Amino acid sequence: MAYKDVYESWKTDPESFWMQAAEAIDWDEKPSRALFDDKAPFYEWYSDGKVNGCYNAVDRHVAAGRGDQVAIIHDSPITDSITKITYAELKDHVASLAGALRAKGVEKGDRVIIYMPMVPEALEAMLACARIGAIHSVVFGGFAAHELAVRIDDAKPKCIIAASCGLEPGRVVHYKPLLDGAVDQAKHKPDFCVIFQREQETATLTEGRDVDWHEFQNGTEPADCVPVEGNHPAYILYTSGTTGAPKGVVRATGGHLVALHWSMKNIYNVDPGDVFWAASDVGWVVGHSYICYAPLVHGNTTIVFEGKPVGTPDAGTFWRVIEQHKVKSFFTAPTAFRAVKREDPRGEYLKKYDLSGLKAIYLAGERADPDTIEWTQKMTGKPVYDHWWQTETGWTIAGMPAGIEALPVKIGSPTVAMPGYDIQILDDAGHPVAPGTLGAIAIKLPLPPGTLPTLWNAEDRFRKSYLDHFPGYYETGDAGMVDEDGYVWIMARTDDVINVAGHRLSTGGMEEVLASHPDVAECAVIGVSDELKGQLPVGFVCLTKGVDRPHDEITAECVKLVRDQIGPVAAFKLAVVVDRLPKTRSGKILRATMVKIADSQDFKMPATIDDPAILDEIRDALQTLGLAK
Ligand code: COA
Ligand code: AMP
């Protein structure tokens, strides 16, 4: 079948389409139907089925006689080590950890926070939770203690599983003090913490609270898989919204297994047994879906890569891993290739490796700029497919259905809507616009299996953030268009979310941190274009009357404050003091105009601006930072 036929078959009869896709999953009790719309607009999938995510990701491959196949390859150029774990070994590890968690009181529905770097034990912790029906919430290692504390208070975990340290090039990330700081700051206290001690650093355990990863598994019974309802939350993953309070995206078990399995062949074009690599981090949605669950549920070998595209040790790392482990399908963020291209523009490193086993490269997480796509295509000689999705959806909204049909690539477009997604471009009044016209990108409800049914403990916020603006639709927060051929084009965010090196960050969250500085009366954070990271945050602060300290001192404190409160991942290094912020007459800060000035783009003077002269002051301030040329 061609893509068009597959998409039409979904559109004509979505129920049959998703019931058929569900056949690929081993259910303890088959669901009677796919869509449950009785609580619309809170849609659910496969709710009356019973299933276990860990069984589908691990045990069933062992039961099918594939226990000796490698499930996980941990490739760590940072520690110069490669470890392989078979499906049979993975089953033993996960059953043992799950048994130990249960012995300490973790039951179905309890939350477990996982704060770990790129080690296979992070996947084992996720799968151990899934095995006993506990709901995991992985927190990215680049977040500071405060961000972890916010997540502890929202998810209220019974247990936190953390590693002793993470390893960034030239720097050990000491997880234990961050964990301790977060538990101190949080109102909710976990019953216990499990600490995975890495060779590179042994953390001192807190008596009465911490248990050692290995010791606490000694003498406990391995746990069997607990069947859960199709709509049982598999995990909560926090993502940035407009304010500093992150949104707890809920992923329901049944739909996530079905959709991820479907995506592996139809989008990533791999067969069971093939090696699949997503170079991201378990702390992000790409890591949840395509380092952990999808490749394992589909019976692939997944790579857990602890390194960077450059500097670990050089710009040839990606190509070395692809050759050495025979990667068939590779997925990363465009920023990673921008980093490689900057170091190795002529592809000298690439020439040293045999990439003949690699079939295609997939990009997502941020806009894929044409230069980067073309360079990657030219250097590797492989198809490069951009695809567009979000933490909320968990899998591709628009992409290349390479396993169905390789459609022509239009550089700059992530290609076409996947089955399950009825993408509409809406004007301000919520009416669909003609092809080729810009507007807000919305998806007609219901969203397909695998997407968020709601936000954790925040139904109202879910409605307000995604459903209220365009009744009957899910609002993506992205703007763009669909052309005459049905290709989707993503142009910008419609909110204050920015994208830094493929990481989604809230400028509102950074503003809240800056506003807490005692000398700051008012502030604004904008995202400016950056050649390497796509966007970078820049902060403008207006000082409280009477403050008479060197501006450099204050901005350095602001930079430190954001690093301490949000974390190094915010990459907040540029801040400047200004007398005033440009505003409309009703007091709204003109952030979009400030971005245009910073990016040296033409802009139209906003008709509602209060005092146009302030824009010159903003330009001068930006020039001191090397922007607004
Ligand atoms: N734990 C602790 N700190 C982390 C971290 C982690 N897991 N990941 C990143 N950081 C730190 C970095 O060390 C850096 O700190 P620094 O300010 O002390 O240098 C900071 O957070 C910013 O990190 P990042 O934006 O990722 O930049 P980088 O300098 O580490 O390198 C590139 C990033 C440019 C190499 C980029 O191309 C890249 O590969 N980014 C990751 C892409 C990605 O996986 N995106 C996820 C969506 S698919
Ligand atoms: P995250 O939830 O962190 O995955 O970020 C999702 C957001 O990243 C989307 O809403 C887009 O703004 C942006 N994004 C992701 N993939 C793409 C893409 N292929 N092209 C353009 N923007 C993208």
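In listed order, ligands and their atoms are each counted from 1. These figures come from a predicted structure and were not determined experimentally. Here, residue 1 is the first one in the sequence, and each next residue gets the next number.
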Notebook entry, point to check: With sequence neighbours left out, what residues match Asp468 under salt bridge (charged side-chain N to carboxylate O under 4.0 Å, His left out)?
Noted result: none

Next item on the list: Would you check if Leu167 and Gln200 make a side-chain contact, meaning some heavy-atom pair closer than 4.5 Å?
Entry: yes

Note to self: List ligand 2 atoms under 4.0 Å from Ile490, heavy atoms only on the residue side.
What the structure shows: 21 (C), 22 (N)

Item checked: Validation row, ring centre Trp284 to ring centre Phe140 under 6.0 Å -> yes

Item checked: Aromatic ring proximity, centroids under 6.0 angstrom, Trp277 and His325 -> no

Item checked: Within the protein, residues bringing a heavy atom under 4.0 Å of ligand 1, chain by chain -> Phe140, Gly141, Gly142, Glu168, Arg171, Val173, Ala279, Ser280, Asp281, Trp284, Val286, Lys308, Pro309, Ala333, Thr335, Ala336, Ala339, Ala501, Gly502, His503, Leu532, Lys533, Arg563, Pro568, Val569, Lys573

Item checked: Contact atoms of ligand 2, heavy-atom distance to Arg504 under 4.0 Å -> 1 (P), 2 (O), 3 (O), 5 (O), 6 (C)

Margin query: Taking atom CD as the centre, does Gln601 end up with more than 12 heavy-atom neighbours from other residues, nucleotides or ligands that are less than 6.0 angstrom away?
Written below: yes

Item checked: Protein contact of atom 6 (C) of ligand 2 - nearest heavy atom, named by residue and atom, plus distance -> Trp389 O, 3.6 Å

Notebook entry, point to check: Can the positive tip of Arg151 be found less than 6.0 Å from the middle of the six-membered ring of Phe143, inside 45° of the ring normal?
Noted result: yes

Notebook entry, point to check: Considering distance alone, does some N or O of Glu392 sit under 3.5 Å from an N or O of ligand 2?
Noted result: no

Next item on the list: Not counting sequence neighbours, which residues clear salt bridge (charged side-chain N to carboxylate O under 4.0 Å, His left out) with Asp483? List them please.
Entry: Lys410

Margin query: Taking the six-membered ring for Trp, are Tyr235 and His288 closer than 6.0 Å centroid to centroid?
Written below: yes

Next item on the list: Note the single closest protein heavy atom to atom 4 (O) of ligand 2, along with its residue, its atom name and the distance in Å.
Entry: Thr391 N, 3.6 Å

Check: Does anything in residues 443-457 pair up under salt bridge (charged side-chain N to carboxylate O under 4.0 Å, His left out), and if so which pairs, sequence neighbours excluded?
Finding: none

Checklist line | Contact check, Gly477 vs ligand 2, heavy-atom distance below 4.0 Å | finding: no

Check: Looking at Glu348 and Lys341, does any basic side-chain N land under 4.0 Å from a carboxylate oxygen?
Finding: no

Check: Can you list the atoms of ligand 2 that are under 4.0 Å from a heavy atom of Asp386?
Finding: 18 (C), 19 (N)

Checklist line | Heavy atom of the protein closest to atom 12 (O) of ligand 2 (residue, atom name, distance) | finding: Asp478 OD1, 2.6 Å

Notebook entry, point to check: Among all protein non-hydrogen atoms, which one is nearest to atom 20 (N) of ligand 2, and what is the separation to 0.1 Å?
Noted result: Glu366 O, 3.4 Å

Next item on the list: Starting from atom 16 (N) of ligand 2, locate the nearest protein heavy atom and write down its residue, its atom name and how far away it is, to 0.1 Å.
Entry: Gly365 N, 3.1 Å

Note to self: Would you call the rings of Trp375 and Phe337 parallel, tilted or perpendicular, taking 30° and 60° as the class edges?
What the structure shows: tilted

Check: Less than 3.5 Å between some nitrogen or oxygen of Thr476 and one of ligand 2, yes or no?
Finding: no

Notebook entry, point to check: What protein heavy atom sits nearest atom 13 (C) of ligand 2, and how far away is it?
Noted result: Asn499 ND2, 3.7 Å

Next item on the list: Check each atom of ligand 2 against the heavy atoms of His387 and keep those under 4.0 Å away; list them by number with element.
Entry: 16 (N), 18 (C), 19 (N)

Note to self: I'd like to know whether the aromatic ring centres of Tyr362 and Phe330 sit less than 6.0 Å apart in this structure.
What the structure shows: no

